[in-house]
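This one's a predicted model, so the numbers in the text were calculated from it and none came from an experiment.
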Amino acid sequence: MSTALALIVAALGVYSRFTDTGFDCSGWLDCDGGFSVMHENTLEVFKHYFSAGGWTEVTHQLLSAVLTLLVIWLAVNSWRLREDDSYPFRLPTFILFLAVWQSMLGMWSVDLVLWPQAALIHLLGGIVICALLWLLALRLDGTYWLASKEIISRLDQIKPWITLAIIIVVIEIALGGWTSVKFAAFACPDFPSCQNAWWPEMNLQEGFNLVQPLGIEALESKARVAVNVVHRLGALITTVYLLSLSAFLLAVLDYRVQRMGYVLAAVLFGQVIFVIGAGYVRDSAVSTIMHHLGSMLILLILISLASRVAHAKQK
C-alpha cells in the first residue's frame, strides 16, 4: 500500500509541477494566503482553499503527510521486531530518514520551486523512496525461488546485467526528470525528429549546466533542445538494453524467469507505443504523468527481478 501511495504522490508531484499549481503555495498547506477553519462557513473555506491552491498540490501535500506517517509506522514496527533476524530492520529506518529529508526539502525548497535543480532532487527523492518501499515489501513477503543448480548458475551470470539495467533506467529517469523540470519536451514537438531535423542545433553545455542560476529561457532554446535530444538518445539505449535483457531472460529454462522476461518486454513495449503516440494526446500533462508512471513500473519490475534472483536457492 505504501508503494502505491508513493506512486500516487510522485504522479501528483509531476502534475503539480507541470501545471504550475504548486507555484501558488508558499508553504505546506499555505496556499493563497494560508488556510484557516476558524470561519462561520467552513465548507466555503475548503472550497476556496482547494480552488486557490489547486486541488493537485493540496492533495499532493496531504498524501505526502499520510505517506510519511506510514513510513514512521513501518520504522517503529521494525524497531519492535529488531531482535527478529528475519525482519529487515535497517531498511525501514533508512526509508524513514529519506522520507523526513524529502519532507524537509519540500518545505525548504518552496522559494526555489522555480529552480529546476531543486525540483529534480525532490522528484528523484520520491522515486528512491517508492523503489525502497517496494523492495521492503518484497523482503517482507518472504517468497524466494527454488531452482536447480543449472538455473542458479544462469541466474548468477545474469545478476550484474540486472544491476546494470537498474542503473541505466535510473539514469534515464533522471534525464526524463531534467527534461520535465526544464520544460524541454516543448522544444521538440515532433517525433522522432526534433524541429524537423534529425540532429538540430543544440547547446549541451547550457542544457546540462546544473549550477545555472534561475533565469528566463525561450521555450525552443538550444539548451532545451539539447536536453530533449539527450533524453531521447538515452531512451533508445535503455530500450535496446532492456529488450536484450528480456531476450536473455526468455532463454532461461525456468517459467518464473521467463514470466519476468515477458512482463518486462510487455511493459517496455507499451511504454514505447505510448511515447510514439504521445504527440496525439491532447492533454500533455496526462501524457507526462503516464510516461513517468511507465518508467517507474519498469524500475519496480527490475527491482523485483533483482530481489528474486539474489535470494534464489538451490533445490
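- A search for side chain to side chain contact (heavy atoms under 4.5 Å, CB included) contacts involving Asp141 returns Thr143, Arg308, not counting sequence neighbours.
- Nearest heavy-atom pair across Val71 and Leu96 is CG1-CA, 3.4 Å.
- Every side chain to side chain contact (heavy atoms under 4.5 Å, CB included) that Lys313 has, sequence neighbours left out, goes to Tyr144, Leu146.
- Considering only heavy atoms from C-beta on, Glu206 comes within 4.5 Å of Asn209 through its side chain.
- A donor-acceptor contact closer than 3.5 angstrom links the side chains of Ser304 and Trp134.
- Sorted by first and then second residue, the side chain to side chain donor-acceptor pair (under 3.5 Å) pairs with a member in residues 196-205 read Glu201-Lys222; sequence neighbours excluded.
- Judged by distance alone, with hydrogens and angles left aside, the side-chain atoms of Gln258 form a donor-acceptor pair with the main-chain N or O of Val252 at under 3.5 Å.
- Taking Ile, Leu, Val, Met, Phe, Trp and Tyr as hydrophobic and joining them when side-chain heavy atoms fall under 4.5 Å apart, one finds Leu250 in a cluster with Tyr262.
- The two atoms that bring Leu299 and Ala131 nearest to each other are CD2-CB, 4.3 Å, heavy atoms only.
- Shown here are the side chain to side chain contact (heavy atoms under 4.5 Å, CB included) partners of Leu236, two or more places apart in sequence or in another chain: Val240.
- Pro92 and Leu74 make their closest contact through CB-O, 3.9 Å (heavy atoms, listed as atom of the first residue, atom of the second, distance).
- Looking at every heavy atom in both residues, Cys194 comes nearest to Val225 through SG-CG1, 4.0 Å.
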Ignoring hydrogens and angles, write down the donor-acceptor pairs under 3.5 Å from the side chains of residues 152-171, residues two or more places apart or on other chains.
from	atom 1	to	atom 2	distance (Å)
Asp156	OD1	Lys159	NZ	3.3
Thr163	OG1	Lys159	O	3.2

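- To the nearest 0.5 Å, atoms CG (Leu98) and OG1 (Thr93) are separated by 11.0 Å.
- Sorted by first then second residue, the salt bridge (charged side-chain N to carboxylate O under 4.0 Å, His left out) pairs that include residues 124-135, not counting sequence neighbours, number zero.
- Minimum interatomic distance between Ala174 and Leu124 (heavy atoms only, all atoms of both residues): CA-CD2, 4.0 Å.
- Among residue pairs with one or both ends in residues 167-179, those qualifying as side chain to side chain donor-acceptor pair (under 3.5 Å) are Glu172-His231; sequence neighbours excluded.
- Residue pairs meeting the salt bridge (charged side-chain N to carboxylate O under 4.0 Å, His left out) criterion with at least one member in residues 226-237: none, sequence neighbours excluded.
- Minimum heavy-atom separation, Leu245 to Leu264: CD2-CD2, 4.2 Å.
- Hydrophobic clustering keeps Ile237 apart from Leu242 (ILVMFWY residues linked when any side-chain heavy atoms are closer than 4.5 Å, directly or through intermediates).
- For Arg256, the salt bridge (Lys or Arg N to Asp or Glu O under 4.0 Å) test picks out Asp254, with sequence neighbours left out.
- Not counting sequence neighbours, the partners of Leu204 by the side chain to side chain contact (heavy atoms under 4.5 Å, CB included) test are Met202, Phe208, Ala226, Val230.
- Not a single side chain to side chain donor-acceptor pair (under 3.5 Å) links Ser78 to another residue, sequence neighbours left out.
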